[in-house]
Structure formats: structure tokens, C-alpha cells
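Counting starts at 1 for both ligands and their atoms, in listed order.
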Amino acid sequence: MPMVSLRQLCDHAAENNYGLAAFNVNNMEQIQAIMEAAKETDSPVIIQASRGARKYTNDRFLYHLMQAAVELYPKIPICLHQDHGNSPETCMSAIEQGFTSVMMDGSLKEDGKSHADFAYNVAVTKKVCQMAHAKGVSVEGELGCLGNLETGMGDKEDGHGAEGKLTREQLLTNPDEAADFVKQTGVDALAVAIGTSHGAYKFTRKPDGAILAMDRIIEIHKKLPNTHLVMHGSSSVPQALQDIINKYGGKLKQTWGVPVEEIQLGIKNGVRKINVDTDLRLAITGAIRKVFAETPEKFDPREYLAPARTAMQAVCKERMIQFGQAGQAGKIKVKPLSEIAKLYN
Ligand code: 13P
């Protein structure tokens with residue numbers, strides 16, 4: 001089947017009350033792990049690539065790896081999404097590379113660092129919606145700035161993220177603005193800032209409402225019951241994965257991620273896309289460290305990349321079941337992008 005738009009997957013998820021993990025990828029083993037987990041659980045898939053990932057894979061490798069996934073898993077609907085596009089040009093180049101969904105992150109200016117105002121965000125996001133929707137490609141926007149409510153510091157991923165200290169109000173998505181933003185731009189999905197950040201170091205303790213503002217999601221969903229919400233920075237950073245890394249020579253400081261039960265609360269309140277990158281990075285690193293530590297004589301990359309792939313697959317499978325997307329792939333009636341494009345007119 002052809003690759004599908006994010007909108008189609010999120011609409012199905014909303015109709016059937018589940019969420020979809022959006023896994024970041026940079027290489028073949030990550031794509032294989034996600035696809036095998038999807039096959040095992042009959043799950044629709046969102047695979048996403050940041051600008052850094054597109055540079056790392058040189059776009060064309062990513063393109064052909066995704067074609068292989070489409071060919072080898074014909075029963076799994078797959079959406080390929082640009083994570084954190086910094087400009088309409090970045091989003092357009094992703095569409096030219098076959099992405100079926102793009103994020104225009106206009107919460108920051110094109111430099112990917114400076115806080116952008118509401119008018120700028122609306123203007124660039126609206127422009128991307130017009131270009132993308134004409135091709136049936138979906139658009140995710142972002143309002144509010146990802147960052148840590150404990151420190152007030154903005155968040156950075158692959159060099160993309162707000163710099164310096166921000167106020168609580170700058171860090172959190174304002175529900176009234178969110179309603180206005182969706183109305184003015186026509187986005188298919190909205191990333192909301194609720195105190196999560198990318199990477200392993202999200203929280204210095206198990207998060208409660210003071211540092212993980214799930215109540216914002218509930219408020220935003222009340223104002224925008226038909227908009228698909230997106231949670232960024234939503235790896236759970238499982239203790240077991242931290243322990244494996246540290247047992248085999250790693251030096252991670254104790255940290256906490258987003259508990260799965262909080263994500264499940266989000267899913268009950270309009271969250272349809274949940275971004276997960278760090279948990280796969282932790283899984284791959286732990287598995288490789290274990291092989292290196294226990295059998296230092298090994299040097300065939302397959303001997304450490306295969307267990308790394310298995311470890312990532314286990315994480316993907318667990319999230320697919322926890323978010324409720326397991327068992328849904330076969331139920332989605334996939335429409336080509338050309339037909340989806342007509343729905344926007
Ligand atoms: P994590 O670092 O929590 O996995 O978040 C990834 C993400 O939000 C990508 O946009």
C-alpha cells in the first residue's frame with residue numbers, strides 16, 4: 001500500500017480512542033525494529049526524521065529504506081513524518097522526498113533557536129498547510145515552547161530548540177491561543193508544550209502536575225475536541241534501560257521520563273501522536289554496551305547490532321500495546337494522498 005498521511009492515521013485513532021507512537025529514526029536497524037514490532041502487533045506506524053536525521057542519512061538512504069519498509073510490510077500503513085521542520089523550505093523538501101506528513105515548528109524562528117511570536121508562527125504554519133494540503137500531506141504545528149518547568153530552560157534536540165530561560169507561560173501552550181492558532185492555520189495536528197523536553201534528562205524526580213502539566217492537555221482538548229494533539233519529548237526513560245547502560249560502563253545520571261500512565265491519560269484527552277526517540281536510543285546503547293562488556297573479543301557489527309535491534313523492537317512493541325495502536329493496522333482503509341488532497345478543498 002502507499003504511504004499514508006498522518007491525518008488519516010490520527011482520524012482513525014481518534015474514532016477508535018487510541019494513540020500512535022511516532023518513532024524517530026536515523027538508520028536501518030531502527031526502521032527494521034519498528035516495522036517488525038508493527039508486524040508482530042498489527043500496528044499502524046509513524047516513522048519520523050528530524051532535520052539532523054535527514055542530514056545523517058543523506059535523505060536518499062532514508063527514502064530507499066522507507067521504500068523497502070513499504071515493500072516488505074504491505075499490510076502495515078506507514079506515515080513518514082518530518083520532525084521539527086524549521087521553515088516552509090524544509091517542509092517542502094521533505095514532501096519532495098516522499099514524506100507524507102510534515103511538522104512546521106513555527107514556535108521558533110528559522111534559526112531553530114529564537115522564540116517566535118504568535119503572528120510569525122501562524123504565518124509560516126499557514127503557508128505550509130496550503131502547500132502540503134494541496135498534495136494531501138498532513139501538517140503538525142506547535143504552539144508554546146518545549147522546555148523544562150523545573151528549570152525554565154528551553155529544550156534542544158539536534159540543535160533545534162529555544163535557548164535560555166523562559167517564563168512558565170512561554171513554556172506552556174495557552175488554550176485560547178491554541179484554538180485561535182488551529183482556526184487560522186488549518187493544521188491537522190497540534191504539538192502542545194506541557195513541560196516535557198527531548199532527551200533523557202526530562203525530570204529530576206517522578207513528575208507530578210507541577211512539572212508535567214497534563215491539566216493543560218485536558219483544557220486544550222476541551223477547547224479543541226476535534227484537533228489531534230501531539231506530545232513531544234515523551235520517552236518514558238525506563239529505569240531498566242538506564243540500569244543496563246550503567247551496569248555495562250555507561251554513566252547516565254539518575255533521571256525520569258514521562259510515565260506511560262500520563263501518556264494514557266493524554267490519549268483519553270485528544271493526544272493521538274506521541275513522540276518517542278530517547279527510549280530507542282537507550283535500548284540500542286544498552287544492548288551494544290552489554291555485548292562489548294561481556295564479549296570484548298567480538299568485532300562483527302552484526303553481533304552487537306542484532307541484539308540492539310531486538311532491544312529496540314521490544315520497546316516499540318511495548319509502546320504500541322500501551323498506546324492502543326496494536327491490532328489497528330488491518331482496520332484502516334488507506335486512501336492515496338491524491339484523494340486526501342480533495343478533502344481539504
Ligand atoms: P524523546 O527525547 O522524549 O524521545 O522525544 C522525542 C521527540 O519529541 C522528537 O520530536
Within reach of ligand 1, part of Ser234 (heavy-atom separation under 4.0 Å): backbone
Contact with ligand 1 for Lys202, non-hydrogen, under 4.0 angstrom: yes
Atoms in ligand 1 flagged as close to Asp277, the criterion being non-hydrogen separation under 4.0 Å: 1 (P), 4 (O), 6 (C)
Subset of ligand 1 atoms that lie under 4.0 Å from at least one heavy atom of Val276: 4 (O)
Per-residue contact class, Asn24 against ligand 1 - non-hydrogen pairs under 4.0 Å: side chain
contact_flag His84 ligand 1 heavy-atom lt 4.0 Å: yes
Side chain, backbone, both or neither: Asp83 near ligand 1, heavy atoms under 4.0 Å: side chain
Same apolar cluster (I L V M F W Y, side chains within < 4.5 Å links), Val139/Leu80: yes
Tyr201 atom OH: more than 12 heavy-atom contacts under 6.0 Å: yes
Option whose closest heavy atom lies nearest to atom 7 (C) of ligand 1, chosen from His232, Glu140, His198: His198
Among Leu241, Ile244, Val315, Asp277, the one residue meeting side chain to side chain contact (heavy atoms under 4.5 Å, CB included) with Leu282: Leu241
Ligand 1 N/O within reach of Gly233 N/O, cut-off under 3.5 Å: yes
Salt bridge (Lys or Arg N to Asp or Glu O under 4.0 Å) contacts touching residues 199-215 (sequence neighbours left out): Arg205-Asp208, Lys206-Glu261
Over-ring placement of Arg60 relative to Tyr63, 6.0 Å and 45° cut-offs: yes
What side-chain donor-acceptor pairs closer than 3.5 Å can you find for residues 325-333, not counting sequence neighbours?
| unit_1 | atom_1 | unit_2 | atom_2 | d |
| --- | --- | --- | --- | --- |
| Gln325 | OE1 | Ala21 | N | 2.9 |
| Gln325 | NE2 | Pro44 | O | 2.9 |

Sole candidate of Asp83, Val192, Val258, Asp105 that passes side chain to side chain contact (heavy atoms under 4.5 Å, CB included) when paired with His232: Asp83
